[in-house]
Amino acid sequence: MPELPEVETTRRGVAPHVEGRVLETVRVRETRMRQPVPADLAARLEGRILCAIRRRAKYLLFDFPNGTLIVHLGMSGSLRVLPTDTPPQKHDHIDLIFEGDACVRLRDPRRFGLMVWTSADPLAHPLLAHLGPEPWDPKFSADYLTALAQARPGPVKNFLMDGAVVVGVGNIYASESLHRAGIHPTRPARRISRARYAGLVLAVREVLDAAIQLGGTTLRDFTQEDGKPGYFRNELRVYARAGEPCLQCGGTHIRQRVIGQRMSYFCPVCQR
DNA sequence: CCGGACGCCTGTCGGC
DNA sequence: TGCCGACAGGCGTCCG
């Protein structure tokens, strides 16, 4: 899926087309997602103005005057902005059709994503309430990571991908951030110094910022709102590069190994 | 409380 | 060429 940069890319791409516009029609072709798409979605949304699209972690929040549509892209989801008369293809599950011929279309082949409604504060919704800080939140600091890590004997990669620690860092950007910070992904989180966590905080922000600038990373399913892929794939230094030379040291080939049930990539020389 | 294993889905790819 | 298993960007749940 979309990790944070892909979700933010989607938000930035979609928002200018539809913010401030009336949502005229909701078309749901498939309700079977991670959670069922609510049957009353059209009744709640049609005729309402979309105030803004926010992002929290990997969730998109479509704010309407009467509540918020919470969208998650799962592993294979994407949103496109298309002319209203564009015929849907396989796995195009939901259309939000706005005035001015702008159709926001959700495609999600694996249906791990979701689209649910809340009339209350979306940040207090059970899906969002227990999430950790955004990567750019000052709270996400070396002191914070060092303190949390003391209770975490497991691999730092798992620690970094835990949404209660920091949000938005998935499998690609965990490997990339750890490589840039020179930290081995299997190193126990509690065995990492405050100084190295300071470097990791910077590395995470640097990688995510750069990825957002390039429209995210497309491995397979992800597309930007206009259908283009994310170009950060060309900037990946370790992810999916097993066997290739490390761009940092040049003399070592990138290893791959399953850590916490997820494939991980690292340079055994640059990362300790 | 924690981490680890597993399941949810479909599509694709590599090996035989 | 076809079949079959492994694997894929996430995350909630269950179990020990």
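Residue numbers begin at 1 in each chain, while the letters A, B, ... track the order of the sequences. Model, not experiment: these values are computed from the prediction.
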message: For a 4.5 angstrom cut-off between non-hydrogen side-chain atoms, does Pro185(A) reach Gln271(A)?
response: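 Side chain of Pro185(A) against side chain of Gln271(A), heavy atoms only: contact under 4.5 Å found.
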message: Side chains of Leu4(A) and Tyr173(A), heavy atoms from C-beta outward: is any pair under 4.5 Å?
response: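 No, their side chains stay 4.5 Å or more apart.
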message: Could you check whether Phe266(A) and His184(A) have their ring centres less than 6.0 Å apart?
response: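 Judged by ring-centre distance (under 6.0 Å), His184(A) and Phe266(A) do meet the cut-off.
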Report the distance from atom [atom1] of [X] to atom [atom2] of [N], rounded to the nearest whole Å.
| X | N | atom1 | atom2 | result |
| --- | --- | --- | --- | --- |
| Glu6(A) | dG10(C) | CD | C1' | 12 Å |
| Phe159(A) | dG3(B) | CZ | C1' | 14 Å |
| Lys157(A) | dG10(C) | NZ | P | 9 Å |
| Leu114(A) | dG12(C) | CG | P | 9 Å |
| Glu176(A) | dG9(C) | CD | C1' | 13 Å |
| Arg152(A) | dG3(B) | CZ | P | 4 Å |
| Ile259(A) | dA5(B) | CD1 | P | 13 Å |
| Arg107(A) | dT10(B) | CZ | P | 15 Å |

message: OP1 or OP2 of dC7(C) versus the side-chain N and O atoms of Arg262(A): is any pair under 4.0 Å?
response: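 No, because none of the side-chain N or O atoms of Arg262(A) sits under 4.0 Å from OP1 or OP2 of dC7(C).
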- prompt: On a whole-Å scale, what distance lies between the C1' atoms belonging to dG9(C) and dG3(B)?
  reply: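 dG9(C) and dG3(B) have their C1' atoms separated by 22 Å.
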- prompt: On a whole-Å scale, what distance lies between the P atoms belonging to dC3(C) and dC9(B)?
  reply: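 That atom pair is separated by 25 Å.
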[X]: ring-ring contact (aromatic ring centres under 6.0 Å, His included) partners, not counting sequence neighbours:
| X | value |
| --- | --- |
| Phe62(A) | none |
| Tyr239(A) | Tyr265(A) |
| His17(A) | none |

Counting heavy atoms from C-beta on, name the nucleotide in [options] closest to the side chain of [X].
| X | options | result |
| --- | --- | --- |
| Gln261(A) | dC6(B), dA8(C), dG12(C) | dC6(B) |
| Arg111(A) | dG9(C), dC11(C), dC9(B) | dC9(B) |
| Tyr59(A) | dA5(B), dG10(C), dG12(C) | dG12(C) |
| Asn158(A) | dC9(B), dG4(B), dG9(C) | dG4(B) |
| His72(A) | dG4(B), dC2(B), dG10(C) | dG10(C) |

- prompt: Phe112(A) on top of dC11(C)'s base, within under 5.5 Å and under 30°?
  reply: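 Taking the rule of under 5.5 Å and under 30°, the ring of Phe112(A) does not stack on dC11(C).
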field: Dot-bracket line, read 5' to 3' along DNA chain B, where crossing pairs take [ ] and | marks a partner on another strand, Watson-Crick or G-U under 3.5 Å
entry: .|||||||.|||||||
Once you apply a heavy-atom cut-off of 4.0 Å, does [X] come out as touching a base, just sugar-phosphate, or nothing?
| X | answer |
| --- | --- |
| Gly170(A) | sugar-phosphate |
| Asp221(A) | base |
| Arg32(A) | nothing |

Sub-3.5 Å pairs of nitrogen or oxygen atoms, protein against nucleotides 11-13 of chain B:
from, atom 1, to, atom 2, distance (Å)
dG11(B), OP1, Lys90(A), NZ, 3.0
dG11(B), OP1, His91(A), NE2, 2.6
dT12(B), O4', Arg220(A), NH2, 3.2
dT12(B), O3', Arg220(A), NH2, 3.2

- request: In sequence, state the C-alpha distance, the side-chain angles, and the governing distance for Gln224(A) and Arg80(A), and then conclude on side-chain hydrogen bond (donor to acceptor under 3.5 Å, both in side chains).
  value: CA-CA 7 Å; Gln224(A) 302 189 46; Arg80(A) 296 279 306 270; over 6 Å; no
- prompt: Which residues satisfy the side-chain hydrogen bond (donor to acceptor under 3.5 Å, both in side chains) test with Thr25(A), sequence neighbours excluded?
  reply: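 With sequence neighbours excluded, Thr25(A) shows a side-chain hydrogen bond (donor to acceptor under 3.5 Å, both in side chains) to no residue whatsoever.
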Show the atom names and distances, to 0.1 Å, of all donor-acceptor pairs under 3.5 Å that link a side chain in residues 227-235 of chain A to residues at least two apart or in another chain.
none

task: Would you jot down, in residue-number order, the residues of residues 119-134 of chain A having a non-hydrogen atom under 4.0 Å from DNA chain B?
output: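 Nothing qualifies; none.
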Nonpolar side-chain network containing Val167(A), other nodes, edges under 4.5 Å: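 Listed partners: Tyr59(A), Leu61(A), Ile70(A), Leu114(A), Val116(A), Leu123(A), Leu127(A), Leu128(A), Leu131(A).
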task: List, by chain and number, the other hydrophobic cluster members for Val269(A), where Ile, Leu, Val, Met, Phe, Trp and Tyr join if side-chain heavy atoms come within less than 4.5 Å, directly or indirectly.
output: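 For Val269(A), no cluster forms, as it stays isolated from other hydrophobic side chains.
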field: ring pair (Phe, Tyr, Trp, His ring centres under 6.0 Å) partners of residues 101-136 of chain A, not counting sequence neighbours, each pair once
entry: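 Non-adjacent pairs meeting ring pair (Phe, Tyr, Trp, His ring centres under 6.0 Å): zero.
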- prompt: Please, which pairs that meet salt bridge (Lys or Arg N to Asp or Glu O under 4.0 Å) have at least one residue in residues 162-174 of chain A, sequence neighbours excluded?
  reply: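 Found Arg152(A)-Asp162(A).
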